[in-house]
There are 2 protein chains.
Amino acid sequence: MTKYESIANEMRRRIKEGYYPIDQPIPDELSLAEEFGSSRMTMRKALDLLVSEGLLFRKRGHGTFIIQMYKNQSLNVISDESLGLSNLVKGKPVSSKIIQFTIEFPSEEVAGHLAIGRQEPVYHIIRLRMVDHEPYVMEETYMPSNLIPGITEDILHASIYNYIQQDLDLKIGGAHRTIMADKSNELDQTYLECKKEDPILQVVQVGFLNNGVPFEYSFSRHRYDKFVFTSVSVKK
Amino acid sequence: MTKYESIANEMRRRIKEGYYPIDQPIPDELSLAEEFGSSRMTMRKALDLLVSEGLLFRKRGHGTFIIQMYKNQSLNVISDESLGLSNLVKGKPVSSKIIQFTIEFPSEEVAGHLAIGRQEPVYHIIRLRMVDHEPYVMEETYMPSNLIPGITEDILHASIYNYIQQDLDLKIGGAHRTIMADKSNELDQTYLECKKEDPILQVVQVGFLNNGVPFEYSFSRHRYDKFVFTSVSVKK
DNA sequence: GAGTGGTCTAGACCACCCC
DNA sequence: GGGTGGTCTAGACCACTCC
């Protein structure tokens with residue numbers, strides 16, 4: 001735990017508990033830095049965190065203010081921070097049904113997104129992910145088998161992400177995502193138990209390791225009545 | 001233009017032009033700082049920008065690497081940065097058809113999201129937004145009339161965002177967004193000219209001013225075949 | 001051990017806002 | 001003018017990775 005993180009935690013706690021009046025600026029950066037025994041730069045870095053979380057907003061020449069948040073809904077939330085279903089629905093049992101597990105040469109599209117050649121084999125995996133024994137997501141995933149070797153059905157029943165990070169000791173860097181609505185297809189209707197007229201929330205993702213190499217090109221198709229995607233943006 | 005922004009611009013140009021080999025780390029921060037005649041902290045701030053854009057990734061004790069990007073699609077892209085349709089489809093003519101424009105007392109839900117009381121009147125606006133004379137988005141918007149006074153049909157035909165920023169001289173701070181898929185309803189089918197079985201990509205947004213006060217609670221319903229939402233996240 | 005990014009300091013000047 | 005956030009400096013020490 002770094003200094004600026006612990007300062008940010010304390011400030012987050014204060015803001016959420018109503019320690020600071022909501023209609024006034026919080027104390028200026030120099031005063032806060034003195035109170036926490038830090039330099040102003042470190043104090044700023046702590047406040048930067050809270051600004052990026054959408055909790056605070058700065059007004060140059062005026063002060064730093066608390067953003068009046070609105071309440072969240074009760075649906076499952078895919079935030080732009082989370083990676084992997086297992087981390088998303090903590091505490092609930094996650095299981096997987098393997099629909100397809102093959103290895104093949106990639107199409108031009110898949111090879112392009114994974115930045116590999118057409119001759120480099122990829123896993124092609126289709127899984128139904130279940131939470132609390134209810135169908136939640138259909139995932140179609142392509143991964144280069146040279147980069148992520150040793151995938152087995154056992155791993156697919158558990159968590160690919162845990163295997164990559166714990167067993168292969170690779171570090172995940174982040175992801176590009178595209179979110180869209182789509183009509184449900186026959187696979188969706190069969191496995192997600194949704195009706196023919198039900199739409200689907202699809203997340204297309206290219207995950208990359210911390211050295212920038214793409215390791216995953218995936219399509220996650222969510223039941224429209226169980227998932228939303230959230231995002232907070234703050235202008236600079 | 002600040003120093004770190006101009007350094008970031010130059011580095012972005014270099015990376016995109018292939019100036020640095022893609023399979024090696026770029027030069028270390030101290031060398032780059034010397035080359036650009038800046039302190040290391042300023043150089044870091046420039047690189048921070050490129051990291052947050054998903055262009056670079058740092059590996060502690062090892063170096064800073066270029067992320068191998070994948071190409072974008074040809075659909076309209078709602079990024080987590082953009083605000084307002086007018087800014088989204090630059091160069092193309094945007095027009096609006098006003099379906100409803102009333103003032104009313106808010107429901108509990110609307111009042112809650114706008115952080116106002118039930119007795120504070122709100123505009124209730126439904127518009128069809130067209131680009132190149134083709135229907136693109138159905139927008140339902142609630143705004144407190146005390147906060148954003150003087151809305152007229154003329155403004156609704158143009159851009160509410162421009163009115164807020166230029167005429168009222170208010171500054172927009174950011175937005176919370178929730179993205180979901182939904183079935184199309186009769187309004188969608190009539191005005192977006194979509195079929196009964198076509199899904200909708202809905203973005204629910206609470207926009208807030210730079211003092212943190214919510215000024216807008218809106219539902220934007222997009223044709224599923226014309227819009228996607230993108231997001232880049234990088235682990236720290 | 002050498003080299004890298006991660007954090008932190010104690011100042012400084014500037015840009016902007018309100019009085 | 002006084003107070004605020006925005007930027008910038010020239011160092012320092014630490015944590016991690018590779019050899």
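For clarity, every value in this text was computed on a predicted model and none was experimentally measured. Letters A, B, ... are given to chains in the order of the sequence lines, protein chains preceding strands, and every chain is numbered from 1.
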task: Using heavy atoms to find the nearest nucleotide of DNA chain C for Met43(A) and Gly61(A) separately, return the residue whose nucleotide is more 5′.
output: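 Going by which nucleotide is closer to the 5' end, it is Met43(A).
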query: Between His62(A) and Lys3(A), who's closer to the 5' end of DNA chain C by nearest nucleotide?
result: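 First, find each residue's nearest nucleotide; the 5'-ward one identifies Lys3(A).
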Checking contacts here: which listed nucleotide ([options]) is nearest the side-chain heavy atoms of [X]?
X	options	value
Glu29(B)	dC8(C), dG6(C), dG6(D)	dG6(C)
Tyr4(B)	dT4(C), dC8(D), dT9(D)	dC8(D)
Arg60(B)	dG6(C), dA10(D), dC8(D)	dG6(C)
Met41(A)	dG6(C), dT9(D), dG5(D)	dT9(D)

task: Could you tell me whether the side chain of Arg40(A) has a donor or acceptor atom within less than 3.5 Å of a complementary atom in the base of dG6(D)?
output: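 Side chain to base: pair present.
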Rounded distance (Å) that lies between atom [atom2] of [N] and atom [atom1] of [X]:
X	N	atom1	atom2	value
Met1(A)	dT7(C)	CE	C1'	15 Å
Arg58(B)	dA15(D)	CZ	P	19 Å
Leu30(B)	dG3(C)	CG	C1'	11 Å
Gln24(B)	dG3(C)	CD	C1'	16 Å
Ile7(B)	dT7(D)	CD1	P	13 Å
Leu32(B)	dT4(C)	CG	C1'	12 Å
Phe36(B)	dA10(D)	CZ	C1'	19 Å
Glu34(A)	dT9(C)	CD	C1'	14 Å

Looking at [X], I'd like to know whether one of its side-chain N or O atoms comes within less than 4.0 Å of OP1 or OP2 on [N].
X	N	answer
Thr42(B)	dT7(D)	no
Thr64(B)	dT4(C)	no
Lys45(A)	dG6(C)	no
Lys59(B)	dG5(C)	no
Arg44(B)	dG5(C)	no
Ser39(B)	dG11(D)	no

Check [Y] with [X], please: is the shortest side-chain N to carboxylate O separation under 4.0 Å?
X	Y	result
Arg14(B)	Glu35(B)	yes
Arg58(B)	Asp48(B)	yes
Arg118(A)	Glu109(A)	no

task: Using the six-membered ring wherever Trp is involved, compare the ring planes of His124(A) and Tyr142(A) and label them parallel, tilted or perpendicular (cut-offs 30° and 60°).
output: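 His124(A) vs Tyr142(A) ring planes: parallel.
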message: Parallel, tilted or perpendicular: which one describes the rings of Phe101(A) and Tyr123(A), with boundaries at 30° and 60°?
response: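 Plane angle between 30° and 60°, so tilted.
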query: Do side-chain atoms of Arg127(A) reach the backbone of Leu156(A) as a donor and acceptor pair under 3.5 angstrom?
result: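 Here the side-chain-to-backbone pair exists.
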